[in-house]
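In what follows, a structure is listed as structure tokens, so that the remarks can point back to it.
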2 protein chains.
Amino acid sequence: MRASDHAHATLRCDIIEWRLVPGDLLAEVEQSARLGVSRTPLREALSRLVAEGLAAPHSGRGVVVSAISLEAVADLFEVRLPLECAAVRLAVARNRPGAFAALAEEFAEAPRLIDGDDDGQKGYYALVSRLDQEIDAAAANPYLLQAQKPIRTHLARVRRLARDNPARLLASAREHEQIALALGAGNADLAEAAMRVHLHNSLHHLLSQPLATPSRTTGAASAAGATATTDPPPLVPNHLEEHHG
Amino acid sequence: MRASDHAHATLRCDIIEWRLVPGDLLAEVEQSARLGVSRTPLREALSRLVAEGLAAPHSGRGVVVSAISLEAVADLFEVRLPLECAAVRLAVARNRPGAFAALAEEFAEAPRLIDGDDDGQKGYYALVSRLDQEIDAAAANPYLLQAQKPIRTHLARVRRLARDNPARLLASAREHEQIALALGAGNADLAEAAMRVHLHNSLHHLLSQPLATPSRTTGAASAAGATATTDPPPLVPNHLEEHHG
DNA sequence: CGTCACCCCAATGTATACACCGATCCCGGC
DNA sequence: GCCGGGATCGGTGTATACATTGGGGTGACG
């Protein structure tokens with residue numbers, strides 16, 4: 001793997017998993033030293049992060065981790081809704097056979113996973129991911145994927161703010177099952193309706209969260225060295241309004 | 001301006017205006033020599049082009065100008081439709097005063113521009129761009145912009161395949177006027193309907209084009225040197241099926 | 001004559017050195 | 001004591017040198 005890929009993947013993961021929090025400065029020398037790569041591939045990694053929207057230039061001096069907020073969640077879903085609806089409509093229109101019926105059955109049995117151990121929950125998330133991939137493959141539109149990719153990236157970041165609520169997961173499983181059933185039946189209107197229901201409930205769940213401070217998993221301690229010494233105030237309440245730049 | 005910005009802007013312009021055609025290899029040494037910058041900023045420019053979808057890695061060795069095709073136009077509009085509809089709905093929902101009424105009047109008088117000289121047509125395109133910007137500002141959703149940006153980039157590239165048809169421009173002006181009127185009146189349903197009509201007609205017009213070979217404006221002759229010597233066959237019919245990679 | 005393997009080279013990936021720019025801090029003046 | 005200007009310094013932007021890898025060409029073998 002290229003060094004720039006490694007740097008990009010690591011930084012991206014650090015940002016999505018809140019080891020790097022909004023506002024953290026991604027200094028080239030510092031990060032290149034931490035990740036063990038030179039500045040050249042690191043610069044390429046930073047460019048990609050900026051293109052993805054995970055980082056933003058900071059007043060002409062370096063790049064900082066971009067802000068994310070509850071307001072941003074609402075904005076995110078305003079774009080996600082039409083895109084996902086278009087995706088399911090296209091998936092039906094393309095009329096690929098697909099494995100939607102099988103996926104629906106798996107969702108029907110998902111409560112076992114959710115009530116199980118941590119691996120079970122991971123398995124459920126994997127199942128959701130498989131449905132997404134199946135929809136993507138059925139829609140077969142590279143531009144749709146290109147538009148959804150940054151949305152999903154930001155969403156992955158926001159999800160870390162939400163506690164895994166078993167009740168919500170069970171409801172989510174039922175909603176996904178309904179989507180998969182409609183897709184399997186080739187009913188575009190129903191699939192879109194089910195998707196709208198699901199997205200509405202997802203957003204509502206996220207917005208009703210108590211805004212738990214992300215746990216900033218230790219592991220990138222050296223990365224946070226510069227900012228940690230300055231003892232930053234609790235960040236989550238802070239950058240709630242600093243978006244939309 | 002930074003050298004990387006200059007390189008990116010120039011290459012982007014060359015691709016959109018078909019001076020660089022799909023399949024052309026963007027070699028680092030060759031392009032850095034042509035644009036008078038070093039390889040480092042040129043690499044950053046290429047990274048951005050790849051992120052935008054204007055270029056794509058070529059079997060692990062260099063990047064090539066990405067393909068665009070009639071099939072891609074249809075895919076493009078499949079994504080553009082829900083995004084633009086969402087944009088006008090958000091623009092109305094945000095309930096900003098906006099200058100939509102004034103823009104509608106300008107569109108009503110647009111036939112003068114269209115029937116005029118070349119500057120007049122440029123003025124009409126600028127007017128369309130102003131409406132887009134006004135909608136963007138009213139929608140006020142950075143993620144929507146992020147999703148629309150690559151779509152618009154590809155669209156700008158495709159438009160060069162279409163002849164400027166005065167009749168179509170007149171119809172387009174009326175459609176835009178209707179959109180602006182609906183937005184000015186705060187009627188989201190009507191605005192979306194007008195947008196759907198406009199996009200349908202735009203797509204239909206593009207698809208009915210005789211597929212004119214783009215004029216590959218001379219000016220980047222040195223850039224095309226490597227491929228020009230090999231005398232490439234007419235490219236437009238060729239890359240009609242090579243997309244979706 | 002076709003095919004396969006090996007070698008050479010060119011282009012990319014990476015590292016590092018240098019230049020320039022903005023930011024910060026200190027000192028002097030008001 | 002406060003404000004402004006300049007100097008210093010860290011950091012980014014750029015250029016170039018080096019390593020490495022993949023591809024093409026050529027030659028030999030079947």
Side-chain angles (χ1 to χ4, degrees), chain A residues 1-12 15 20 23-52 54-66 222-232 245, chain B residues 1-12 14-15 20 23-52 54-66 220 222-232 245:
Chain A
M1 181 188 286
R2 292 183 300 180
S4 59
D5 291 337
H6 169 72
H8 174 245
T10 304
L11 286 174
R12 180 189 158 91
I15 293 174
L20 292 171
D24 276 359
L25 178 65
L26 299 175
E28 294 182 3
V29 284
E30 175 190 346
Q31 295 299 322
S32 63
R34 177 171 78 97
L35 301 177
V37 299
S38 183
R39 275 184 57 216
T40 306
L42 186 100
R43 280 178 65 84
E44 186 178 332
L46 290 181
S47 292
R48 288 194 238 173
L49 291 177
V50 171
E52 287 175 304
L54 289 177
H58 178 249
S59 71
R61 202 70 175 185
V63 300
V64 297
V65 177
S66 64
S222 61
T227 52
T229 55
T230 61
D231 190 30
Chain B
M1 181 188 286
R2 292 184 301 181
S4 61
D5 292 336
H6 169 72
H8 174 246
T10 304
L11 287 174
R12 180 189 158 91
D14 285 344
I15 294 174
L20 291 170
D24 276 0
L25 179 65
L26 298 175
E28 294 183 2
V29 283
E30 175 191 346
Q31 295 300 321
S32 63
R34 177 170 80 97
L35 301 177
V37 299
S38 184
R39 276 184 55 216
T40 307
L42 186 100
R43 281 177 66 83
E44 186 177 332
L46 291 182
S47 292
R48 287 194 238 173
L49 291 177
V50 171
E52 287 174 303
L54 289 178
H58 178 248
S59 71
R61 203 72 175 186
V63 300
V64 297
V65 178
S66 64
S222 60
T227 52
T229 55
T230 60
D231 190 30

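Quick note: numbers below take in every heavy atom, side chains included, and nothing from hydrogens, waters or symmetry partners. Just so it is clear: chains get the letters A, B, ... in the order the sequence lines come, proteins before strands, and each one is counted from 1.
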Among the nucleotides D/dT12, D/dT14, D/dA15, whichever has the atom closest to the side chain of B/R2 is D/dT14
Using only heavy-atom distances, decide whether a donor-acceptor pair under 3.5 angstrom links the side-chain of B/S4 to the base of D/dT14. no
Return the value, rounded to whole Å, for the distance between atom CD of B/E28 and atom P of C/dG13. 6 Å
Go through D/dT16, C/dT16, D/dG11 for me and flag the one nearest to the B/S38 side chain. D/dT16
Indicate yes or no for a side-chain donor-acceptor contact from A/S32 to the backbone of A/S38 under 3.5 Å, with no hydrogens or angles considered. no
Check the distance between C/dT12's P and B/R43's CZ and give it to me in whole angstrom. 8 Å
Taking 4.0 angstrom as the limit, do B/D14 and B/R34 come out as a salt bridge? yes
In whole angstrom, what separates A/E44's CD from D/dT14's P? 15 Å
Whole angstrom value for the distance that separates P of C/dT12 from NE2 of B/H58: 12 Å
For C/dG13, does the base pair up with any side-chain atom of B/R39 as donor and acceptor (N or O, under 3.5 Å, distance only)? yes
d(NE2, B/H6; C1', D/dT14) in whole Å: 14 Å
Using a heavy-atom cut-off of 4.0 Å across all strands, would you classify B/R61 as base, sugar-phosphate, or nothing? base
Return the minimal non-hydrogen interatomic distance between B/R61 and B/L25, and the atom names on each side. O-CD1, 4.2 Å
Atom CG of B/L46 and atom P of D/dT14: how far apart are they, to the nearest Å? 14 Å
Closest heavy-atom contact between B/E28 and B/L46? CG-CD1, 4.0 Å
Round to a whole Å and report the spacing from CG of A/L42 to C1' of C/dT14. 13 Å
To the nearest Å, give me how far apart CD (A/Q31) and P (C/dA15) are. 15 Å
